[in-house]
Number of protein chains: 2
Amino acid sequence: MDLDQVTAFLEVARKKSFSRAAEKLYRTQPAISAQIRALEIECGQKLFDRMGRKIFLTPAGKVLFECGENLLSLHRETLQRVREANGAAGGTLVIGANEATCLYVLPQVFAEFKRNYPQVAISIYRNFSQKILLKMAESQIDVGIVTLPVAQSNLKVIPIFEDELQVVVPAGHRLAKRASVKMEDLVEEQLIFPKGGHTRELLEKIFRKQRSRLQISMELASVESIKKFVGAGLGISLISRSYAEAETKANILKLIPLQGPKLVRRLGLVYRTDRHLSRAAQAFTEIVHSRNSKASS
Amino acid sequence: MDLDQVTAFLEVARKKSFSRAAEKLYRTQPAISAQIRALEIECGQKLFDRMGRKIFLTPAGKVLFECGENLLSLHRETLQRVREANGAAGGTLVIGANEATCLYVLPQVFAEFKRNYPQVAISIYRNFSQKILLKMAESQIDVGIVTLPVAQSNLKVIPIFEDELQVVVPAGHRLAKRASVKMEDLVEEQLIFPKGGHTRELLEKIFRKQRSRLQISMELASVESIKKFVGAGLGISLISRSYAEAETKANILKLIPLQGPKLVRRLGLVYRTDRHLSRAAQAFTEIVHSRNSKASS
DNA sequence: CTAATGGATAAATATTACTTATTCAATCCA
DNA sequence: TGGATTGAATAAGTAATATTTATCCATTAG
């Protein structure tokens with residue numbers, strides 16, 4: 001049982017396809033087939049049921065799926081520990097973060113990080129919190145920054161940031177002078193909303209509670225484009241205060257609090273407690289943490 | 001970092017020699033050198049200090065030495081779990097046991113074991129308790145049967161057997177009629193003693209306490225040969241009661257208790273709590289355990 | 001000072017893994 | 001239903017990797 005074979009096996013099991021796994025691993029399908037076959041021979045039993053063109057894990061396959069991940073993790077950890085034995089942090093630090101964090105948090109953090117750890121390569125997996133937690137479970141990410149709350153027993157969570165969702169309108173908008181707005185005020189407006197993700201879910205929930213039917217005129221995937229669109233007078237939206245700092249200062253956009261209880265969005269740093277944290281990852285969490293304590297004090 | 005490379009590395013570290021490790025792994029020395037070199041390149045640092053013809057682990061090497069064992073263990077465990085996923089026990093069960101256990105305990109245990117698990121191959125590492133615990137620490141043994149007490153935090157200990165050391169003399173010996181003998185009686189005799197091992201240590205200690213100088217006329221490595229020699233009138237010895245059952249029944253040897261506190265020798269089953277116990281190993285311990293409960297009731 | 005030991009190196013060879021080309025079966029869709 | 005397509009297995013050729021053989025060099029033991 002080679003680590004390469006286990007890697008191939010896990011990828012096949014995840015993708016539920018020999019061909020897809022082959023692509024991901026930059027080899028051809030027969031190569032993957034051969035590796036799986038070798039594994040099956042060594043284990044004395046089939047790992048996949050080939051039902052026509054669909055494949056399923058056998059009981060033995062399920063066992064290997066669980067154990068295999070641990071094995072590869074321990075392998076990575078071992079390599080890391082040895083490499084860092086001289087005291088230096090090195091290797092690659094893989095961070096998972098959502099779009100907003102990438103734009104408004106990570107640049108400053110990495111500025112400080114790179115100053116102290118220039119040797120460390122950084123890889124960022126940008127996606128919704130949910131996806132990040134998924135990659136985390138597969139041990140493909142060292143540290144994640146996600147929307148709270150998360151409830152997983154094997155994750156350490158450090159709250160780092162919290163922000164209020166406010167209505168954002170273009171500078172000359174009819175609501176721009178208001179000190180606050182009600183939900184009802186929004187119904188008549190062209191609404192531009194994020195597409196997918198935690199914030200979107202939150203907004204859906206609120207509108208359902210208010211019994212207002214959410215009348216969305218546009219859906220956009222990024223905060224930046226939402227701001228641009230709002231700025232161009234195409235509609236209004238709800239975003240985290242801090243994401244529009246520059247535009248409010250420049251008097252392009254206006255932020256207005258919603259009446260009623262604040263809509264708070266909390267971000268937190270997460271990492272697995274059942275995995276070794278590389279020196280680089282430790283350093284990263286410390287920087288984020290220290291910036292956070294400074295900010296909140 | 002290949003598992004093969006790690007295996008080679010660990011062997012070199014244990015043997016403190018590339019050549020010896022090569023022999024053990026059935027390859028040539030340059031092959032081992034190449035594997036270590038590849039590891040060193042991948043880790044970005046030397047794993048061994050080559051000081052002339054002696055080699056030492058570098059700090060990084062020490063790290064790999066610790067982590068590597070865990071990695072290989074997890075690898076073995078993974079393979080085992082998958083192989084046993086169908087519910088059947090298989091593979092090889094490696095037992096560590098001292099000579100006496102091999103002769104007087106294991107045959108009966110394995111008779112029962114093989115009846116229920118004919119598929120399992122059995123490998124026995126026969127040596128003194130101390131060596132067995134060493135191999136155990138290297139994860140090269142599944143279950144051990146050793147002289148108690150053992151005090152190691154990661155070992156589960158199940159007492160299975162206890163026996164009294166008694167004086168053994170040939171049937172026609174001048175002490176043969178005695179109901180018991182004193183230490184002093186032994187001084188005038190030709191003493192045949194085991195060579196090395198726990199029992200020997202125990203006897204040494206006792207004699208030191210009694211301030212008698214141990215006057216050994218012969219040292220033998222096995223219980224069987226001690227009995228033969230005693231039977232042939234070459235001297236007398238001290239052995240566990242149960243090891244001479246056949247000979248006392250056949251009236252070849254005579255066992256006589258020592259005066260004073262009994263010299264008890266306790267055996268126990270041990271296995272590591274921080275390692276996965278194969279189905280076969282579980283079955284083995286259960287058989288030993290059940291035989292023990294029956295015997296003591 | 002010589003012989004022997006132990007590891008490094010180089011070239012040749014064996015082994016293993018991978019790719020390309022192809023086949024076969026299952027599923028999709030018209 | 002019947003091509004068309006997808007996905008995995010197989011076979012043969014090729015590339016990559018590991019291992020051996022042969023040799024060298026440094027250290028150490030006698």
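Below, chains carry the letters A, B, ... as their sequence lines are ordered, and counting in each starts from 1.
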Test log, rule salt bridge (Lys or Arg N to Asp or Glu O under 4.0 Å), inputs A/R20 and A/E23: CA-CA 5 Å; A/R20 298 297 90 69; A/E23 284 170 27; 3.5 Å; yes
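At the heavy-atom level, A/R53 lies under 4.0 Å from base atoms of the strands shown. Within 4.0 Å (heavy atoms only), B/T28 reaches at least one base atom of the nucleic acid.
One atom, CD of B/E11, and another, P of C/dG6, lie 16 Å apart when rounded to the nearest Å. Regarding A/I55, its CD1 atom lies at a distance of 13 Å from the C1' atom of D/dA9, rounded to whole Å. Distance CD1 (B/I41) to P (C/dA8): 12 Å, rounded to an integer number of Å. Atom P of nucleotide C/dT15 and atom CG of A/D2 are separated by 18 Å, given to the nearest angstrom. Regarding A/R50, its CZ atom lies at a distance of 14 Å from the P atom of C/dA26, rounded to whole Å. In this structure, A/K54 atom NZ and C/dC28 atom C1' are separated by 11 Å, rounded to whole Å. Atom CZ of B/R37 is separated from atom P of D/dA18 by 11 Å (rounded to the nearest Å). Rounded to whole Å, atom C1' of C/dG6 lies 16 Å from atom CG of B/D49.
Residues A/G52 and B/F18 both approach DNA chain C. Their nearest nucleotides, taken by heavy-atom distance, put B/F18 toward the 5′ side.
Across all non-hydrogen atoms, the minimal contact from B/F9 to B/G61 is CZ-O, 3.3 Å. Among all heavy-atom pairs drawn from B/V143 and B/M136, the shortest one is CA-CE, 4.1 Å. Contact detail for A/Q5 and A/M1: the closest heavy-atom pair is OE1-CA, 3.5 Å.
When each of D/dA9, C/dC18, C/dG7 is scored by its nearest atom to the side-chain atoms of B/S17, the top-ranked nucleotide is C/dG7. Set against C/dT20, D/dA8, D/dT19, the side chain of B/D4 has D/dT19 as its closest nucleotide. Listed nucleotides C/dC18, D/dT19, C/dG7 differ in distance to A/R27; the shortest reach to its side chain belongs to C/dC18. With distances taken from any side-chain atom of A/S33 to the nucleotides D/dA9, C/dG7, D/dG7, the minimum falls on D/dA9. Among the nucleotides D/dA18, D/dA9, C/dG6, the one closest to any side-chain atom of B/Q5 is D/dA18.
On a pure distance criterion of 3.5 Å, no polar donor-acceptor pair joins the side chain of B/Q35 and the base of D/dA18.
More than 12 heavy atoms of other residues, nucleotides or ligands lie within 6.0 Å of CD in A/Q45, so this atom counts as buried by the packing criterion.
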